[in-house]
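Notes follow the structure.
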Amino acid sequence: MFNTAPLVSLHFDEASPGTTVFENVGGNSVTCSEPSCPDAGRKGKVAQAAAFDGIDDGFTIPDRDQLDLDHFTLAAWVKPTVNGSNTEL
């Protein structure tokens, strides 16, 4: 599994609000259901970004055998909009 292309790589750079399917470089479809979709089309560090409300926004990646991993790396660029001692990711 090492030295292979990313299985899931989400740029969240879709330009239109109300997006329910996010492009995935890794080929696994990523969807969400309103009203729990992140707000797409926001200004990002590079191109567009998605804003999560911190309450119920999220997305689903359907189960696939190729995603049954023992080790994986997760990376994210995060810009918190609320300051506080109990902020969680």
Side-chain angles (χ1 to χ4, degrees):
M1 188 72 37
F2 298 109
N3 300 322
T4 61
L7 297 175
V8 178
S9 179
L10 303 170
H11 295 186
F12 289 117
D13 59 357
E14 286 73 15
S16 64
T19 298
T20 57
V21 177
F22 291 90
E23 259 186 64
N24 178 9
V25 176
N28 294 295
S29 62
V30 177
T31 60
C32 64
S33 298
E34 290 290 351
S36 61
C37 292
D39 186 16
R42 299 286 188 97
K43 183 179 181 317
K45 180 79 172 170
V46 177
Q48 303 293 321
F52 292 79
D53 67 10
I55 299 169
D56 63 357
D57 285 359
F59 55 87
T60 301
I61 302 171
D63 186 26
R64 294 181 71 179
D65 288 344
Q66 74 183 97
L67 297 175
D68 293 339
L69 307 171
D70 292 326
H71 299 83
F72 62 92
T73 300
L74 176 67
W77 285 18
V78 178
K79 179 183 176 186
T81 57
V82 176
N83 292 326
S85 60
N86 292 325
T87 304
E88 296 179 9
L89 274 188

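Just so it is clear, the values below take in all heavy atoms, side chains as well, and ignore hydrogens, waters and symmetry mates.
Shortest non-hydrogen contact noted between Q48 and K43 is OE1-N, 4.5 Å. In plain terms, the two heavy atoms of V30 and I61 that are nearest each other are CG2-CG1, 3.8 Å. A pairwise comparison of heavy atoms in A50 and P38 identifies CB-CB, 4.0 Å as the closest pair. When all heavy atoms of F59 and C32 are compared, the closest pair comes out as CA-CB, 4.2 Å.
With sequence neighbours excluded, the residues satisfying side-chain contact (heavy atoms from CB on, under 4.5 Å) with D56 are S36, D53.
Counting heavy atoms from C-beta outward, D63 and D68 have side chains that approach closer than 4.5 Å.
Under a hydrophobic clustering in which Ile, Leu, Val, Met, Phe, Trp and Tyr are joined whenever their side-chain heavy atoms come within less than 4.5 Å, directly or via other members, L67 and F72 fall into the same cluster.
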